[in-house]
Structures are given as C-alpha cells and as structure tokens.
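Some notes on the structure that comes next.
Both backbone and side-chain heavy atoms feed into the values below; hydrogens, waters and symmetry mates do not. Both counts, for ligands and for their atoms, begin at 1 and track the order of listing. FYI, the numbering just counts along the sequence from 1.
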Amino acid sequence: MVMDLPSELEFSLVTPDRQVVRESVIAVSIPGKDGYLGILPGHAPLLTELKPGEVSYTSAGITHYLAVSEGFAEVLPQRVIVLAQASERPEEIDLSRAEEARRRAEEILRQVESEAEREEARRALERAMARLEVAGRASRP
Ligand code: ATP
C-alpha cells in the first residue's frame with residue numbers, strides 16, 4: 001500500500017526570549033550534533049542536540065536563514081521544533097560584535113591551558129562563526 005506523505009510541515013524555532021519562527025514549510029535544515037540534517041515532510045521521528053550553526057527553511061518558494069547557538073530539536077513527520085539558547089536572522093546580527101567574540105575566543109584558545117576554559121572558548125568560537133556565516137546570507141528563491 002502506498003501511503004501519502006504530508007507535503008508540508010510546521011516549523012517552530014523558539015528561544016527563551018521569543019518565538020523566532022512558526023511557519024508551514026516544505027524543507028528545513030538544522031545543525032545537529034553529528035552534522036547537518038535535511039528534513040522533509042514525513043521524516044522519521046528523532047530528537048537531537050544542536051551545535052551552533054545555520055538553520056534554513058523554505059516556505060512559499062523562499063529559503064530563509066538563521067543562526068542558532070546550542071539547543072535541541074525534535075523532528076516528527078509533520079512538525080519540527082527547535083529550542084535554541086539564542087537565534088538571530090541575518091539582519092539582526094551585529095557583525096562587529098560577532099567578530100569581536102571570535103577574536104576573544106581565538107585569543108583564549110591561544111593562551112589558556114585549562115580544558116574547561118578551552119571548551120568554553122571553543123563553543124563561543126562556534127557561535128561567533130555561525131553568526132558570521134549567517135550574517136552574509138540573504139533570503140533567496
Ligand atoms: P557575546 O560574547 O558577543 O555576548 P555570545 O555567543 O556569548 O556572544 P550568546 O550568549 O549566544 O552570545 O547570546 C546572548 C544574546 O545576545 C542572545 O540574545 C543573542 O541572540 C544575542 N547576540 C549574541 N551575539 C550577537 C550578535 N553578534 N548579533 C546580534 N545578537 C547577538
């Protein structure tokens with residue numbers, strides 16, 4: 001028997017401060033802990049940790065981009081829910097702040113010996129790199 005797959009899914013992205021996205025979309029890509037996940041309607045359910053990176057989603061023929069920091073995502077056949085510590089659209093990103101955050105993290109990684117401090121700096125560097133990458137993105141058909 002051939003089952004009809006749903007053609008759209010409900011995509012929500014929330015942070016502790018705000019609902020950033022709640023839209024019906026045809027595709028979502030999220031930065032999972034083990035790599036980017038491309039999700040289409042009807043995807044098998046899964047739960048994953050996020051690493052800082054770029055989320056993209058396509059709705060009404062346009063692909064949109066967002067930076068996310070750490071968090072979690074739940075994927076269901078007709079729903080994707082992303083819970084992120086922070087998320088920004090390209091136009092919300094303050095480039096000089098992200099460049100400064102990258103510079104600071106790289107400086108710490110050059111100097112500090114403690115593994116805990118290095119780990120914190122590595123995460124800060126990932127967040128900064130994600131913001132710098134997404135800042136240059138424009139929504140596109
Ligand atoms: P910074 O050291 O510059 O604060 P961070 O990676 O430690 O960077 P987060 O803790 O991830 O910052 O985010 C704190 C808040 O600041 C969030 O609301 C996030 O959206 C916002 N934010 C962080 N960096 C930027 C940026 N470059 N442009 C716009 N908003 C930012």
Side-chain angles (χ1 to χ4, degrees), residues 2-141:
V2 178
M3 303 276 281
D4 276 346
L5 286 176
S7 59
E8 299 215 324
L9 47 85
E10 181 78 13
F11 174 48
S12 312
L13 194 164
V14 297
T15 70
D17 304 328
R18 60 183 179 140
Q19 172 117 40
V20 186
V21 183
R22 184 165 179 189
E23 267 185 66
S24 202
V25 307
I26 58 166
V28 185
S29 164
I30 57 177
K33 203 157 180 50
D34 301 318
Y36 275 85
L37 278 171
I39 300 152
L40 297 173
H43 197 287
L46 66 86
L47 203 54
T48 183
E49 236 179 282
L50 298 180
K51 64 184 240 170
E54 179 181 274
V55 164
S56 65
Y57 63 94
T58 305
S59 81
I62 310 270
T63 302
H64 303 270
Y65 300 90
L66 292 152
V68 289
S69 63
E70 295 86 356
F72 293 92
E74 180 179 29
V75 176
L76 297 168
Q78 287 174 271
R79 254 203 106 155
V80 174
I81 303 155
V82 172
L83 307 172
Q85 274 303 322
S87 175
E88 303 88 34
R89 293 186 179 277
E91 64 274 15
E92 292 170 334
I93 293 170
D94 177 339
L95 255 186
S96 44
R97 176 173 168 180
E99 274 159 6
E100 176 58 23
R102 172 169 67 177
R103 197 200 54 71
R104 234 178 14 247
E106 285 172 346
E107 185 72 23
I108 291 169
L109 286 171
R110 267 197 298 274
Q111 295 177 357
V112 176
E113 299 293 324
S114 135
E115 193 42 47
E117 279 171 279
R118 294 183 67 79
E119 182 53 33
E120 200 177 313
R122 271 197 288 271
R123 286 168 169 274
L125 183 58
E126 284 179 352
R127 294 195 298 273
M129 297 303 286
R131 288 177 177 125
L132 291 170
E133 184 183 345
V134 170
R137 293 287 206 182
S139 301
R140 57 172 173 78

Assess whether a salt bridge exists between [X] and [Y], defined as any Lys/Arg side-chain N lying under 4.0 Å from an Asp/Glu carboxylate O.
X      : Y      : result
Glu126 : Arg123 : no
Arg103 : Glu100 : yes
Glu115 : Arg122 : yes
Glu74  : Arg79  : no

- Item | Min heavy-atom dist Arg104 to ligand 1 below 4.0 Å | yes

Closer than 4.0 Å to some heavy atom of [X] - which atoms of ligand 1 meet that?
X     : answer
Asp94 : 26 (C), 27 (N), 28 (N), 29 (C)
Ala98 : 27 (N)
Ile93 : 28 (N), 29 (C)

- Task: Identify the heavy atoms of Tyr36 and Ser29 that sit nearest to each other, and give their distance.
- Result: CD2-OG, 3.6 Å

Heavy atom of the protein closest to [atom] (residue, atom name, distance):
atom                    : result
atom 18 (O) of ligand 1 : Asp17 OD2, 4.1 Å
atom 17 (C) of ligand 1 : Ala86 CB, 3.8 Å
atom 30 (N) of ligand 1 : Glu88 CG, 3.9 Å
atom 7 (O) of ligand 1  : Arg127 NH2, 3.2 Å
atom 13 (O) of ligand 1 : Arg131 NH2, 3.7 Å

- Item | Sub-4.0 Å protein heavy atom next to atom 10 (O) of ligand 1 | no

- Compare Arg97, Glu91, Glu92 and give the one whose heavy atom is closest to atom 16 (O) of ligand 1. Arg97

- Message: Are Glu10 and Arg22 packed together at the side-chain level, in the sense that at least one heavy-atom pair is separated by less than 4.5 angstrom?
- Response: yes

- Task: Take atom CD of Glu120 as the centre, draw a 6.0 Å sphere, and report whether it contains more than 12 heavy atoms from other residues, nucleotides or ligands.
- Result: no

- Look at the side chain of Tyr57 and the backbone N and O of Ser12, then say whether any donor-acceptor pair between them is shorter than 3.5 Å. no

